[in-house]
Amino acid sequence: MSSAPPPPRPTPPPPGAVTNSIDGDATLHGPSVQARDVHGGIHFHTAAPAPAARRSPPVPRQLPPLPVRFLGREADRRALDTLRDRHPAHAPQVLVISGLPGVGKTTFATHWLHGRADRFPDGQLYADLGGQPGDGEDGPVPASAVLESFLIALGVSAVPPGTGRRSALWRSLTAELRLAVLLDNAFTAAQVRPLLLGAPSGLTLVTSRRSLTGLQADGAAAHRLAGLSPESAVELLAVGGGPRVAREPTAAREVVRLCGRLPLAVALASAQLALRPHHSVSALADRLSRGRGAVDALRVDGEAVMGTALDLSYDALPEESRTLYRRMGLLPADRHDLALLTALGGDGPRPDGPPGPRDDGGADPRDAGQSADHAVHALVEASLLEETGPGTYRFHDLVRPHARRLGEERETPARREETLRRFVGWCLATTASAERLLTPSHRLPGHDLPPDLPAPTPLDGPEQALAWLDTHRNGLLGAVRLTSRNGMDSECWRLADLMWPLFLRLRPTEPWIEAHRLGLDAARRAGSREGEGRMLTSGAIGLRDAARYAEATDWYRRALDLAAADGDPRQQAQALSGLGHVGLLDGRLEEARARFEEALRLRESIGYRRGAALTRRRLGETAVAAGDLPTAADQLGRAAGELEELGETYEAARVRALLGHVLDRAGRPAEGVRLLEDSLGRFRSGEARSEHWEARCLEWLGGAAEARGDLAEAERCFGAARDLLRRLSPEEAGRLDGRPRRG
């Protein structure tokens, strides 16, 4: 067998050439070129590493929708633009729009901001601050509650308690955002100050009946909004009056003068002409000049003109619309669904109740839905009701007190009571539907709702259910207050209990605590020990989230005593688990472990598998805090398996992520990283989607990469986690500063 010829000997380099030699054991890193002779320079161009994929949060777009018709206001728009352009570039900007009731402050501010949306790419936030005091339980909204809703809208998942801390977090979170904030219907400068942006990149626009001179003294620019120009007001009147307005120009100018050229008043007068096509403009002017002395009142503050206009608009409504208007005015709600209005408009059972003759002479219940739709349409057409979304309505801030007055004066005591009962029944029915969609395991066995409640608002899936709870949170809390005040004790605690998905998902701590305080008192008055236990344990979670650990502990202990006296092991375990969690958060690890172990024993004894698995997770967390990683891995592994068997997708993903972190720390990095990467994918989409847990997984993956010396991967993971946490919980983001650690 012939041997292969020897390889050719390399040609020796010419004298003076620079040579590199690579032996057989060498390893090359980075770009390389294989060539014989090279003439000139070699340049390597490397592509920059692709940035880590980031999930952009939904940009808040909370401004009210644009009105169908917006007339005039060119001079006002230019004035506001001038104020904005003249403002010093280095200082936070605040603009105050003031004016008489009904002058169109909110509409103008909304229209102006919509037209400048491109200047605020980080979004627009909106809050109605409640306006004037003295309207019963309504009135100025606390700054703390507004800050909570704003922080949640910007993605903060852990809102701190207290106005001061929330205001500081608000300023930190928005320091570099180009954000527009519309604070509508403010009452005092003190109410507004905690809500102001702290950086010049954003804009705070405030509307108020008052001048808010305190804000102006602080540097705010102000613009007072007057009525429409005479030409624009007459044009608005012609929307309903048609050719009659052109035929009677003098009478038309008199009508708009009597209305003070206020858009709401002119719109109501226009609606009167539309609803009475055979009445002249002169007749309308005559009616506006009589009654309650509109002209004299207009020269003072315009309030009587609005009252006259509202009375006239009400008188021209069909009877079914007048009935609905009065009954809506009785409700402690700021949003109304068509399903609710259907229940209020009729005089009999729920719309889907049995058809047939009525012994009270009322309409067939099968016609109730159509009748309500017609009644609502007339109210919207008369500008007495505003449509805020598909099938959702609200009163203008001046119309609602008028409707309340008429309801109190013209509805009999029996009818007022029945109206409020229907409202509460609708709240119960729809919150029960939302609970079934969002937290089915929370349902309280043996406490089914009565079958004769009004039909609930249809909810198409969990997302719509949560949106409904968010939209109606003020009305639901108003219903809890109403039932507490009127002795409807069973309805009070049941409604607070059914609102659990709202509290769990959106974390509004102040309404959470208030609802459960009222519910707790109601359950005791009703003699419902089961209701009392539910209020104590669920309310304690709200107190715990507000960092009121001592009070939360007291509520849990009272729940534990109650459950022990009743021989209720499930509620005993719930209270023990809550006490353990407070202990864990407060650093009392031995106490926490003992509480969790007792809760686990009780839950296993009654076959409550889901509760037992969740308790094992808490035991695992306690072991992690104590540095006992083998025990933590064992508890978390068992919990993950049990939750997956039960189909608890979200809870299982959370436990698997925590287990992955523990395994990585315990010297099993391959298993740990695999679990973390799998959990990360689950949190980024699907049923378990959670940006908070996505950030935690990225943080733990960054730590794993740092430990194995892969600083590039660690930097990528920590950076992505920081980006998420800056939106969700800026206080937590600070702990990642300086990661990964080098050298």
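Count residues from 1 along the sequence. Note that these values count all heavy atoms, side chains included, but never hydrogens, waters or copies made by symmetry. Just so you know, these numbers come straight off a predicted model, no measurement behind them.
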Output, in order, the C-alpha distance, side-chain angles, deciding distance and verdict of side chain to side chain contact (heavy atoms under 4.5 Å, CB included) for Arg421 and Val424. CA-CA 5 Å; Arg421 284 195 173 276; Val424 171; 5.7 Å; no
Are the side chains of Leu154 and Trp170 in contact, using a 4.5 Å heavy-atom criterion? yes
Using 30° and 60° as the class limits, which term best fits the ring planes of Trp512 and Phe503: parallel, tilted or perpendicular? parallel
Would you call Val181 and Leu205 a side-chain contact if the rule is heavy atoms closer than 4.5 Å? no
Show your working on side chain to side chain contact (heavy atoms under 4.5 Å, CB included) between Trp555 and Leu579 and close with a plain yes or no. CA-CA 9 Å; Trp555 280 45; Leu579 287 168; over 6 Å; no
Under the 3.5 angstrom rule, does the side chain of Asp128 hit a backbone N or O of Gly130 as a donor-acceptor pair? yes
Backbone N/O of Leu338 and side chain of Thr342: donor-acceptor pair under 3.5 Å: yes
I need the minimum non-hydrogen distance between Pro160 and Leu169, along with the two atoms involved. CD-CD2, 3.4 Å
Just by distance, do the side chain of Arg335 and the backbone of Thr471 share a donor-acceptor pair under 3.5 Å? no
Would you say Thr204 and Leu195 make side-chain contact, with heavy atoms under 4.5 Å? no
Under the criterion side chain to side chain contact (heavy atoms under 4.5 Å, CB included), I'd like the reasoning laid out for Tyr126 against Gln124: C-alpha separation, chi angles, the key distance, then a yes or no. CA-CA 7 Å; Tyr126 172 84; Gln124 304 105 22; over 6 Å; no
Quick check against the 3.5 Å criterion: does Thr207 have a side-chain atom that pairs as donor or acceptor with the backbone of Asn185? yes
I'd like to know if the side chain of His516 pairs up with that of Asp497 as donor and acceptor (distance under 3.5 Å, no hydrogens or angles considered). no
Do Leu151 and Arg166 touch side chain to side chain, with heavy atoms closer than 4.5 Å? yes
Are the side chains of Asp337 and His472 in contact, using a 4.5 Å heavy-atom criterion? yes
Determine whether the side chains of Ser528 and Glu532 contain a donor N or O and an acceptor N or O closer than 3.5 Å. no
Without swapping roles, check the side chain of Thr430 against the backbone of Thr457 for a donor-acceptor pair under 3.5 Å. yes
Any donor-acceptor pair under 3.5 Å from Gln191 side chain to Leu129 backbone: yes
Heavy-atom side-chain contact between Met328 and Leu385 under 4.5 Å: yes
Pair His402 and Phe395, ring centroids less than 6.0 Å apart: no
CG-CD distance between Leu449 and Glu491, expressed to the nearest 0.5 angstrom: 10.0 Å
Just how far is it from atom CZ of Arg473 to atom CG of Leu476, taken to the nearest 0.5 Å? 10.0 Å
Geometric cation-pi criterion, Arg544 with Tyr549: 6.0 Å, 45°: no
Donor-acceptor pair, distance only, cut-off 3.5 Å: does the side chain of Thr483 make one with the backbone of Ala479? yes
In terms of side-chain geometry, is the basic nitrogen of Arg443 or Asp448 positioned less than 4.0 Å from the acidic oxygen of its partner? yes
Salt bridge (charged side-chain N to carboxylate O under 4.0 Å, His left out) with Glu411: of Arg416, Arg405, Arg326, Arg404, only one passes, and it is Arg326
Are the side chain of Glu514 and the backbone N or O of Glu510 linked by a donor-acceptor pair below 3.5 Å? no
Considering only heavy atoms from C-beta outward, does the side chain of Thr110 approach that of Thr107 to under 4.5 Å? no
Interatomic distance, Leu469 atom CG to Leu504 atom CG [nearest 0.5 angstrom]: 11.0 Å
Other residues, nucleotides and ligands only: do more than 12 of their heavy atoms fall within 6.0 Å of CZ on Arg558? yes
Measuring from atom CH2 of Trp426 to atom CG of Leu340, what distance do you get when rounded to the nearest 0.5 angstrom? 5.0 Å
Would you say the side chains of Thr509 and Asp545 form a donor-acceptor pair under 3.5 Å? no
If we ignore angles and hydrogens, is there a donor and acceptor under 3.5 Å between the side chains of His442 and Arg534? yes
Do Val192 and Leu196 have side chains that get closer than 4.5 Å, going by heavy atoms? yes
Report the distance from atom CZ of Phe187 to atom OG of Ser208, rounding to the nearest 0.5 Å. 8.5 Å
Mark yes or no for whether Ser167, through its side chain, and Gly164, through its backbone, hold a donor-acceptor pair below 3.5 Å. no
Out of curiosity, Leu459 CG to Ser433 OG, how far, rounded to the nearest 0.5 Å? 5.5 Å
With side chain to side chain contact (heavy atoms under 4.5 Å, CB included) as the criterion, how do Ile513 and Arg548 come out once you've worked through the C-alpha distance, each side chain's angles and the decisive distance to 0.1 Å? CA-CA 11 Å; Ile513 294 169; Arg548 303 181 194 177; 3.7 Å; yes
Under the 3.5 angstrom rule, does the side chain of Ser149 hit a backbone N or O of Val146 as a donor-acceptor pair? yes
